[in-house]
Amino acid sequence: MVKGDYVLCTHGHRDHLAVETLTQIASADSHTKFIIPGAWERTLSEAGIERKRIVTARAGQQIKLPGITIVPVCAAHPVHMTDEDGQDTALCYHVKMGETYLLHLGDTYLTDSLLEDLERLPAPHLFFPPINGGDYFRTKRNCIGNISYVEAASLACILKADLTIPTHYDMIEGNTIDPLIFAGELMEQNPAAKWHIPALGERFLYRKGR
């Protein structure tokens with residue numbers, strides 16, 4: 001069902017780099033390429049995806065593709081990490097498509113360096129932050145958390161996002177949050193802020209300034 005020019009994966013956890021799903025996408029369309037942090041290149045190649053179809057991403061190094069420019073940013077999941085070869089393990093992606101900018105945080109906590117990196121980039125028209133947060137009990141279960149819904153709303157305001165679409169709130173039992181809580185927090189911080197919570201399978205069309 002899914003066909004596309006590029007599939008971007010932010011890190012190696014199964015809800016972000018699902019090998020079963022990616023290999024089927026690869027089989028469905030031989031032109032699709034996969035953009036992943038360098039630390040996970042072997043994971044895809046060992047699953048049978050040809051190396052020529054894998055584009056490894058490194059924090060701060062632009063990836064220029066036809067009509068698209070991607071700037072990977074080092075994520076903190078749970079801290080900023082690289083593997084033994086110095087390859088990033090978790091990334092955020094700032095994507096320019098024409099004159100539209102998208103920012104997808106993947107999974108991350110907020111750090112000084114991440115905030116500085118994000119503030120240096122053009123303001124996103126579409127902003128995709130995780131909102132599920134983290135707490136003592138999830139940490140005890142070895143469940144790595146994310147920024148909280150409050151931090152996500154604050155980031156949307158700081159980065160001057162035009163439209164925010166929250167993520168990571170309804171997939172893994174015990175690691176969720178009601179996205180309407182995020183929406184309420186965002187409107188509390190900035191009553192003019194725009195947000196959208198898609199329905200399952202919804203097709204959503206974005207126009208700048210609308």
Side-chain angles (χ1 to χ4, degrees), residues 2 4-19 21-23 25-26 29-130 144 146-147 151-152 155-156 158-162 164-165 167-168:
V2 176
D5 297 318
Y6 305 100
V7 174
L8 281 68
C9 299
T10 57
H11 60 283
H13 289 162
R14 290 191 68 240
D15 54 334
H16 291 259
L17 195 154
V19 171
T21 301
L22 297 177
T23 52
I25 292 173
D29 190 339
S30 61
H31 296 97
T32 302
K33 292 189 175 180
F34 301 85
I35 299 170
I36 60 172
W40 305 105
E41 178 183 12
R42 183 178 299 175
T43 300
L44 285 196
S45 62
E46 289 180 349
I49 296 177
E50 298 172 285
R51 286 187 178 270
K52 67 180 181 180
R53 300 179 63 183
I54 301 171
V55 179
T56 56
R58 183 186 292 268
Q61 294 186 4
Q62 283 191 359
I63 300 172
K64 289 189 174 292
L65 305 165
I68 302 172
T69 300
I70 301 171
V71 178
V73 177
C74 186
H77 191 50
V79 296
H80 298 286
M81 292 188 295
T82 58
D83 66 8
E84 61 272 13
D85 298 320
Q87 297 284 347
D88 295 294
T89 61
L91 294 169
C92 313
Y93 292 116
H94 186 275
V95 182
K96 180 184 180 187
M97 302 177 64
E99 296 304 316
T100 301
Y101 294 96
L102 294 76
L103 176 59
H104 198 298
L105 294 190
D107 279 357
T108 191
Y109 285 116
L110 188 58
T111 66
D112 290 339
S113 63
L114 176 57
L115 181 58
E116 291 169 3
D117 287 342
L118 296 179
E119 287 185 302
R120 282 195 289 265
L121 296 167
H125 297 98
L126 290 166
F127 179 40
F128 301 87
I144 301 175
N146 279 307
I147 60 174
E151 292 170 316
L155 270 178
I158 292 169
L159 300 178
K160 297 180 172 57
D162 183 50
T164 301
I165 298 178
T167 67
H168 217 305

Worked verdict on His104 versus His16 for ring-ring contact (aromatic ring centres under 6.0 Å, His included): CA-CA 12 Å; His104 198 298; His16 291 259; 7.4 Å; no
Sub-4.5 Å side-chain heavy-atom contact between His13 and His77: yes
In this structure, are over 12 heavy atoms from other groups packed under 6.0 Å from Asp112 atom CG? no
Just verifying a value: how many Å separate Thr56 OG1 and Arg42 CZ, rounded to the nearest 0.5 Å? 13.5 Å
Run the side-chain contact (heavy atoms from CB on, under 4.5 Å) check on Ile147 and Leu105 step by step: do they pass? CA-CA 10 Å; Ile147 60 174; Leu105 294 190; 4.1 Å; yes
One should read off an interatomic distance between Gln87 CD and Met81 CE, to the nearest 0.5 angstrom, of 14.0 Å
d(Arg58 CZ, Asp88 CG) to nearest 0.5 Å is 6.5 Å
If you define the side chain from C-beta out and look only at heavy atoms, does anything of Ile36 sit under 4.5 Å from Thr43? no
Roughly how far apart are Thr111 OG1 and Asp117 CG, rounded to 0.5 Å? 7.5 Å
Do Leu65 and Ile35 have side chains that get closer than 4.5 Å, going by heavy atoms? yes
Closest approach of Tyr93 and Pro37, non-hydrogen atoms and distance? OH-CD, 3.6 Å
Donor-acceptor pair, side chain of Asn146 and main chain of Tyr109, under 3.5 angstrom: no
Restricting to non-hydrogen atoms, name the atom on Pro129 and the atom on Ile165 that form the minimum distance, rounded to 0.1 Å. CD-O, 3.5 Å
Check: Leu155 and Phe127 side chains under 4.5 Å, non-hydrogen atoms: yes
To the nearest 0.5 Å, tell me how far Glu50 CD sits from Phe34 CZ. 10.5 Å
Correct closest heavy-atom pair for Leu44 and Leu22 would be CD2-CD1, 3.7 Å
Is the closest side-chain heavy-atom distance between Leu159 and Glu119 below 4.5 Å? yes
Report yes if the side chains of Leu126 and Val95 come closer than 4.5 Å at any heavy-atom pair, otherwise no. no
Residue pair Leu102 / Thr100, side-chain heavy-atom distance below 4.5 Å: yes
Spacing of Leu118 atom CG and Ile158 atom CD1 [to the nearest 0.5 Å]: 10.0 Å
Side-chain donor or acceptor of Thr69 paired with backbone N/O of Lys96 under 3.5 Å: no
Between Asp83 and Asp85, is there a donor-acceptor pair closer than 3.5 Å when you use the side chain of the first and the backbone of the second? yes
Shortest non-hydrogen contact between Ala59 and Val73, atoms and distance: CB-C, 4.3 Å
Does Tyr101 offer a backbone N or O that forms a donor-acceptor pair with the side chain of His125 under 3.5 Å? yes
Given side-chain contact (heavy atoms from CB on, under 4.5 Å), test Leu115 with Leu110 step by step and report yes or no. CA-CA 7 Å; Leu115 181 58; Leu110 188 58; 4.2 Å; yes
State whether the side chain of Arg53 and the backbone N or O of Thr32 hold a donor-acceptor pair below 3.5 Å, judged by distance alone. yes
Do the non-hydrogen side-chain atoms of Val19 and Leu17 ever get within less than 4.5 Å of each other? yes
On a heavy-atom basis, which atom in Gly106 and which in Pro130 lie closest, and how many Å separate them? O-CG, 3.4 Å
Between Cys92 and Leu114 the two heavy atoms that sit nearest each other are SG-CD1, 4.1 Å
